[in-house]
Amino acid sequence: HLKRAATLARALAAAGLEVTLASGGVEVPGLTARGFRTVQLPPPAAVDLRFKVLVDETGKPIDDAWKRRRCEALLTAWRAADPHALLIELFPFGRRQMRFELLPLLESACAAARRPVIISSVRDVLGGGQHNPARQDEMLALFERYFDHLLVHGDPGFITFDRTFRHAARIAERLHYTGYVVENAVSSGKHGHAGTDEVVVSAGGGAVGQRLLETAVHARALTGLAHRSWRLLAGINAGSAEYDSLVALAAKSGDGRIIVERARADFTQLLANCLISVSQAGYNTIMETLQAGARAVAVPWAGGAETEQTLRARLLAGRGLIELVEEGALSAQTLAAAIDRAAQRPRRLGPSIDLGGAQRSAALVAQWTSELAW
């Protein structure tokens with residue numbers, strides 16, 4: 001989520017807007033705040049895959065005092081920016097556990113003498129709550145009360161918002177498809193050859209990808225690419241014990257051909273050069289993979305109540321853009337077979353899905369702010 005928000009912030013800045021990004025999650029090393037200001041709020045963390053119980057920086061459950069501090073920090077950032085536009089990621093279509101700070105922020109914005117344009121920014125597919133009619137009714141009510149526009153960062157030619165939000169037609173005049181938000185890829189011909197002819201296996205942030213990485217180690221010897229170099233990217237959120245265990249497994253079973261690393265800043269370069277990308281089906285990774293034209297295998301994360309990655313991956317597989325292994329069917333054998341199938345595919349010359357979401361979002365926000373009376 002933060003990566004997509006930072007990509008949007010850079011595009012907004014490039015469009016001539018002054019941008020403040022308030023980040024509510026754990027700080028991400030290597031995030032480039034080029035052209036915009038960042039405000040780091042006190043970060044909570046989830047205790048399990050359902051994301052309902054939050055703890056503070058010390059691991060204690062967040063209490064009312066912590067919520068008051070966080071709410072005031074957000075309101076202080078809001079007052080300091082005095083913005084023409086307020087763009088909120090996901091809410092009211094998610095982030096219900098952060099209502100304690102987002103509702104006061106929205107009330108403050110609506111009551112301001114110079115009311116800004118208020119915009120919700122969401123992915124192509126909603127996660128939890130899409131099958132709960134009461135939850136969806138609440139989303140609609142909050143959107144209609146507070147928001148002027150909805151930016152859906154997806155391509156309606158691929159999937160429309162009503163697939164996961166049943167009231168999409170009610171807000172059609174305020175709903176704007178932007179295309180997918182993804183950083184511009186680099187050209188391998190100009191920027192080196194990192195990842196050339198490798199099998200790159202990545203786990204996004206790494207908090208829930210350990211099983212995929214371990215399975216890839218066991219799958220290598222079963223593929224036609226066992227003689228190639230395999231690069232496993234564990235992600236910044238992988239725990240030290242899990243990371244060390246993966247390093248040991250790769251050393252034991254990798255025949256010297258498996259490299260284990262944390263996330264790399266040149267990930268898009270690896271995708272541009274690799275033989276095969278193996279990953280989960282998170283928004284950022286999948287769109288970067290499509291942009292790079294890489295042959296790909298996706299194993300969508302389906303932990304907790306998550307359905308978002310599975311839906312996106314199934315649609316992509318149905319279009320022949322990726323090979324799919326459902327998480328419940330993941331084994332060394334099924335992963336190896338999918339990798340071999342992907343290896344037989346030709347590389348695509350360009351994306352078949354709209355990936356211009358960052359620039360189109362920035363153009364829309366710039367237009368709306370220019371139309372303000374103040």
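Every heavy atom of this structure was used, including side-chain atoms; hydrogens, water molecules and symmetry mates were not. Note that the numbering runs from 1 along the sequence shown for the chain.
- Screening residues 266-287 for salt bridge (charged side-chain N to carboxylate O under 4.0 Å, His left out) gives Arg264-Asp266 as the qualifying pairs, with residues at least two apart or on separate chains.
- Put simply, the side chain of Arg228 does not reach to within 4.5 Å of the side chain of Ile276, judged on heavy atoms.
- By the 4.5 Å heavy-atom criterion applied to side chains, Arg114 and Leu372 are not counted as neighbours.
- Side-chain contact between Leu140 and Glu144: present, with at least one pair of heavy atoms (C-beta onward) separated by less than 4.5 Å.
- Residue Arg70 comes nearest to Pro44 through the heavy atom pair NH1-CD, 3.3 Å, listed as atom of the first residue, atom of the second, then distance.
- Between the side chain of Thr223 and the backbone N or O of Ala336, no donor-acceptor pair lies under 3.5 Å.
- Here the shortest heavy-atom pairing between Leu75 and Pro104 reads CD2-O, 4.1 Å.
- Phe267 and Leu212 fall into different hydrophobic clusters, defined by Ile, Leu, Val, Met, Phe, Trp and Tyr side-chain heavy atoms under 4.5 Å apart, directly or through other members.
- Heavy-atom contacts from other residues, nucleotides or ligands closer than 6.0 Å to CD of Glu138 number more than 12.
- Separation of atoms CH2 (Trp301) and OG1 (Thr307) is listed at 10.5 Å; rounding is to 0.5 Å.
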Exercise for review: Evaluate side chain to side chain contact (heavy atoms under 4.5 Å, CB included) for Leu106 paired with Ile88, printing each intermediate quantity in order.
Suggested key: CA-CA 10 Å; Leu106 288 164; Ile88 297 181; 3.6 Å; yes
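- A salt bridge is defined here as a Lys NZ or Arg NE, NH1 or NH2 lying under 4.0 Å from an Asp or Glu carboxylate O, and Arg10 with Glu183 meets this definition.
- Nearest heavy-atom pair, Arg174 versus Phe147, reported as atom, atom and distance to 0.1 Å: NH1-O, 2.8 Å.
- Between Arg312 and Met287, some side-chain heavy-atom pair lies under the 4.5 Å cut-off.
- Under 3.5 Å, the side chains of Tyr146 and Glu107 contain a donor-acceptor pair of N or O atoms.
- Counting non-hydrogen atoms of other residues, nucleotides and ligands closer than 6.0 Å to CD of Glu371 gives a total above 12.
- To the nearest 0.5 angstrom, Arg347 atom CZ is 6.0 Å from Cys274 atom SG.
- Residue Ile286 is grouped with residue Val181 when hydrophobic side chains (ILVMFWY) are merged at heavy-atom distances under 4.5 angstrom, including chains of intermediate members.
- Of the possible donor and acceptor atoms, one in the side chain of Thr289 sits under 3.5 Å from a partner among the backbone N and O of Thr285.
- Of the charged side-chain nitrogens involved, none lies within less than 4.0 Å of a carboxylate oxygen, so that Arg170 and Asp162 do not count as a salt-bridged pair.
- With Arg257 contributing its side chain and His227 its backbone, the two residues share a donor-acceptor pair below 3.5 Å.
- Between Leu270 and Val200, the shortest heavy-atom distance links the atoms CB-CG2, 4.3 Å.
- Across all non-hydrogen atoms, the minimal contact from Trp78 to Leu86 is CZ3-CB, 4.3 Å.
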Listed pairs under 3.5 Å, donor-acceptor, residues 314-327 side chains, sequence neighbours left out:
from: Arg314; atom 1: NE; to: Glu326; atom 2: OE2; distance (Å): 2.8
from: Arg314; atom 1: NH2; to: Glu326; atom 2: OE2; distance (Å): 3.3
from: Arg319; atom 1: NH2; to: Gly157; atom 2: O; distance (Å): 2.4
from: Glu323; atom 1: OE1; to: Arg341; atom 2: NE; distance (Å): 2.8
from: Glu323; atom 1: OE1; to: Arg341; atom 2: NH2; distance (Å): 3.3
from: Glu323; atom 1: OE2; to: Arg345; atom 2: NE; distance (Å): 3.2
from: Glu323; atom 1: OE2; to: Arg345; atom 2: NH2; distance (Å): 3.0
from: Glu327; atom 1: OE1; to: Ala302; atom 2: N; distance (Å): 3.2

Exercise for review: Test Trp374 against His84 for ring-ring contact (aromatic ring centres under 6.0 Å, His included), laying out the working first.
Suggested key: CA-CA 9 Å; Trp374 53 278; His84 289 71; 4.2 Å; yes
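- Leu275 and Leu271 are members of different hydrophobic clusters when ILVMFWY side chains are connected at heavy-atom separations under 4.5 Å.
- No more than 12 heavy atoms of other residues, nucleotides or ligands shown are found within 6.0 angstrom of CD on Glu27.
- Partner Glu214 forms a side chain to side chain donor-acceptor pair (under 3.5 Å) with one of Arg211, His218, Gln210 and no other, that one being Gln210.
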Practice item. Kindly determine whether Phe93 and Val152 satisfy side chain to side chain contact (heavy atoms under 4.5 Å, CB included), including the steps that lead there. Key: CA-CA 11 Å; Phe93 304 97; Val152 177; over 6 Å; no
Practice item. With salt bridge (Lys or Arg N to Asp or Glu O under 4.0 Å) as the test, would you mind laying out the steps for Asp56 and Arg69 before giving the verdict? Key: CA-CA 12 Å; Asp56 64 16; Arg69 289 196 301 274; 5.6 Å; no
Review point. Yes or no on side chain to side chain contact (heavy atoms under 4.5 Å, CB included) for Leu17 and Phe36, after CA distance, side-chain angles and deciding distance?
Key: CA-CA 9 Å; Leu17 300 174; Phe36 61 92; over 6 Å; no
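- At distances below 3.5 Å, not a single donor-acceptor pair connects side-chain atoms of Ser253 with backbone N or O atoms of Ala250.
- Proximity of a side-chain donor or acceptor of Gln309 to a complementary backbone N or O of Gln280 within less than 3.5 Å is not detected.
- Listed here is the closest heavy atom pair of Leu8 and Gly357: CD2-O, 4.5 Å.
- Of the possible donor and acceptor atoms, none in the side chain of Arg4 sits under 3.5 Å from a partner among the backbone N and O of Tyr180.
- In this structure, Phe161 has its ring center no closer than 6.0 Å to that of Tyr177.
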Review point. Should Arg123 and His1 be marked as a side chain to side chain contact (heavy atoms under 4.5 Å, CB included) after you check the CA-CA gap, both sets of side-chain angles, and the distance that decides it?
Key: CA-CA 9 Å; Arg123 295 174 300 198; His1 295 277; 3.4 Å; yes
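- Judged by distance alone, the side chain of Arg360 and the main-chain N or O of Thr178 form a donor-acceptor pair under 3.5 Å.
- Contact check for Val365 versus Leu151: side-chain heavy atoms found under the 4.5 Å cut-off.
- Under a 3.5 Å cut-off, the side chain of Asp155 and the backbone N or O of Asp354 do form a donor-acceptor pair.
- If you take CG on Leu222 and CD on Gln333, they are separated by 6.0 Å, rounding to the nearest 0.5 Å.
- Defined by atom type and a distance below 3.5 Å, a donor-acceptor pair is missing between the side-chain atoms of Tyr283 and Asp124.
- Side-chain atoms of Ser245 do not come within 3.5 Å of backbone N or O of Ala241 as any donor-acceptor pair.
- Atoms CG and CG, from Leu74 and Leu102 in turn, are 7.0 Å apart once rounded to the nearest 0.5 Å.
- For the atom pair Arg166 CZ and Gln136 CD, the distance stands at 6.0 Å (nearest 0.5 Å).
- Inter-residue side-chain proximity for Leu142 and Leu103 is flagged as met; some heavy-atom pair is nearer than 4.5 Å.
- For the atom pair NE2 (His149) and CG (Leu364), the distance works out to 8.5 Å, reported to the nearest 0.5 Å.
- Hydrophobic clustering (side-chain heavy atoms under 4.5 Å, transitive across Ile, Leu, Val, Met, Phe, Trp, Tyr) keeps Leu233 apart from Leu213.
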Practice item. Dump the intermediate steps for side-chain hydrogen bond (donor to acceptor under 3.5 Å, both in side chains) on His153 and Ser121, then the final yes or no. Key: CA-CA 7 Å; His153 302 305; Ser121 163; 2.7 Å; yes
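- Looking only at distances, no side-chain donor or acceptor of Thr160 sits under 3.5 Å from a matching main-chain atom of Pro156.
- In terms of hydrophobic clustering, with Ile, Leu, Val, Met, Phe, Trp and Tyr side chains grouped at heavy-atom distances under 4.5 Å, Val299 and Ile258 are assigned to a common cluster.
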